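Some notes on the structure that comes next.
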Amino acid sequence: MASPVGKKLTGLVAATFTPLTPEGEINLPVIGLYIDYLLEHQGVRNVFVNGTTGEGMSLSVEERKKLAEEWCGKGKGKLEQVIVHVGCMSLKDSQDLARHAAEAGADGIAAVSPSVFKPSDAGVLRQFLQEVAAAAPDLPFYYYHIPALTGVSLLARDVLDGIEKQIPSFRGLKFSGGDLLDFGQCVSYCPSDWSVLYGVDEQLLAGLAMGANGAVGSTYNYLGSRARSLLTAFETGDLTQARTLQFQVQDVISYAVKLGFDVAVNKRLMSEVSGLDLGPPSAPEALPPPPGRLHRAEAPRGRPAGPVPCQNPKRDG
Ligand SMILES: CC(=O)N[C@H](C=O)[C@@H](O)[C@H](O)[C@H](O)CO
Ligand SMILES: CC(=O)C(=O)O
């Protein structure tokens, strides 16, 4: 099995939102504009598509394929890397999405753990990841660790144990959790050509101090420019400046948390900051649905986010 080569994934990766029409259909024409916005206003050149921020697990396989094609097609020659998240409850769907991502020209794929019937131990999860990765053996594969959402509380370090023997295409992980002991153990396990990406945007600086190679996060869609300055300050050893920038990011995220920071609020923030029309969230994580059946077209829109306490990058970059 050929081991995939590819540029090491570093720096900022925006976990993209999925543009939807008011009726809840995927809104593909927004994606080209979205890419230009990330490049021109946030200086973010990598994306993570169909993940949690993109509500991948609430979309159909067909919708996920169309989105992956659009991001890869429109991002070609513009974005550095398009990572397509292919994790599903169903192994077969995940494999189908992995094969499709390879055909669509993705630069890498990633998968979360199944979360309804959860793996009983790290070996079982590794086996699942192996079977997904094997469907697209030429693409770099990343494990997406997000225990708060999956409810799978296995240590990421245990999942990594010997994974290179089972998955030749394994190239790192996205770690969305606050356990810096586990994170540090992952960093120290990973060879230098893998990418260890941190995913809790409000404490990125701690992840960098522990050795993260970069970060994947939802807020880099609209706070990318500031987070890039934070990375630069850290790299140049200016911890005071890095901390100041981290505190600014924390102020915005704390504000969003007070609004009930879910995908609806987050998406609304991005729409307001960027001016892109991303539409409502996919059902059902916004307000409780009206009595009766829950259908996308009936799902409530995201709550208004109110003014964003940061400068508008549309005006001042
Ligand atoms: C739970 C969740 O969606 N986490 C995202 C990435 O993993 C983060 O980017 C957060 O949205 C961000 O750190 C704000 O809490
Ligand atoms: C943050 C991230 O990676 C996601 O939303 O999928």
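Both ligands and their constituent atoms are indexed starting at 1 by order of listing. Values reported hereafter were calculated over all heavy atoms of this structure, with side chains retained and with hydrogens, waters and symmetry mates removed. Just so we're clear, the structure is a prediction, and the values are computed from it rather than from any experiment.
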Distance-only donor-acceptor check, side chains [X] and [Y], under 3.5 Å:
X	Y	value
Q203	Y198	yes
Y37	Q42	yes
Q127	E131	yes

**Report entry** Exam field: side chain K174 to backbone I146, donor-acceptor pair closer than 3.5 Å
**Finding:** no
Query raised in the report: Within the side chain of N221, is there an N or O that forms a donor-acceptor pair under 3.5 Å with the backbone of A15?
Result: yes
Report summary line: the protein heavy atom lying closest to atom 4 (C) of ligand 2 turns out to be T52 OG1, 3.0 Å
**Report entry** Residue and atom name of the nearest protein heavy atom (relative to atom 5 (O) of ligand 2), distance in Å to one decimal
**Finding:** T53 OG1, 2.5 Å
Regarding [X] and [Y], does a basic nitrogen lie under 4.0 Å from an acidic carboxylate oxygen?
X	Y	value
D161	R157	yes
D96	K65	yes
D158	R126	no
E70	K66	no

Report task. Take the angle between the ring planes of Y144 and F48 and call it parallel below 30°, perpendicular above 60°, tilted in between. Result -> perpendicular
Measure from every N or O atom of ligand 1 to the protein's N or O atoms and keep only the pairs below 3.5 Å, writing each with atom names and distance to 0.1 Å.
| unit_1 | atom_1 | unit_2 | atom_2 | d |
| --- | --- | --- | --- | --- |
| ligand 1 | 7 (O) | K174 | NZ | 2.8 |
| ligand 1 | 7 (O) | S176 | OG | 2.6 |
| ligand 1 | 7 (O) | G199 | O | 3.3 |
| ligand 1 | 9 (O) | D201 | OD1 | 3.0 |
| ligand 1 | 9 (O) | D201 | OD2 | 3.0 |
| ligand 1 | 9 (O) | S218 | N | 2.8 |
| ligand 1 | 9 (O) | S218 | OG | 3.3 |
| ligand 1 | 11 (O) | S218 | OG | 2.7 |
| ligand 1 | 13 (O) | D201 | N | 2.9 |
| ligand 1 | 13 (O) | D201 | OD1 | 3.4 |
| ligand 1 | 13 (O) | E202 | OE1 | 2.5 |
| ligand 1 | 15 (O) | E202 | OE1 | 3.3 |
| ligand 1 | 15 (O) | E202 | OE2 | 2.8 |

Query raised in the report: Would one find an N or O of S176, backbone or side chain, under 3.5 Å from an N or O of ligand 2?
Result: no
Query raised in the report: Which part of K174 is near ligand 2, with near meaning a heavy atom under 4.0 Å away: side chain, backbone, both or neither?
Result: side chain
Can you list the atoms of ligand 2 that are under 4.0 Å from a heavy atom of [X]?
X	answer
A15	1 (C), 2 (C), 3 (O), 4 (C), 5 (O)
V216	3 (O)
G51	6 (O)
F48	3 (O), 6 (O)

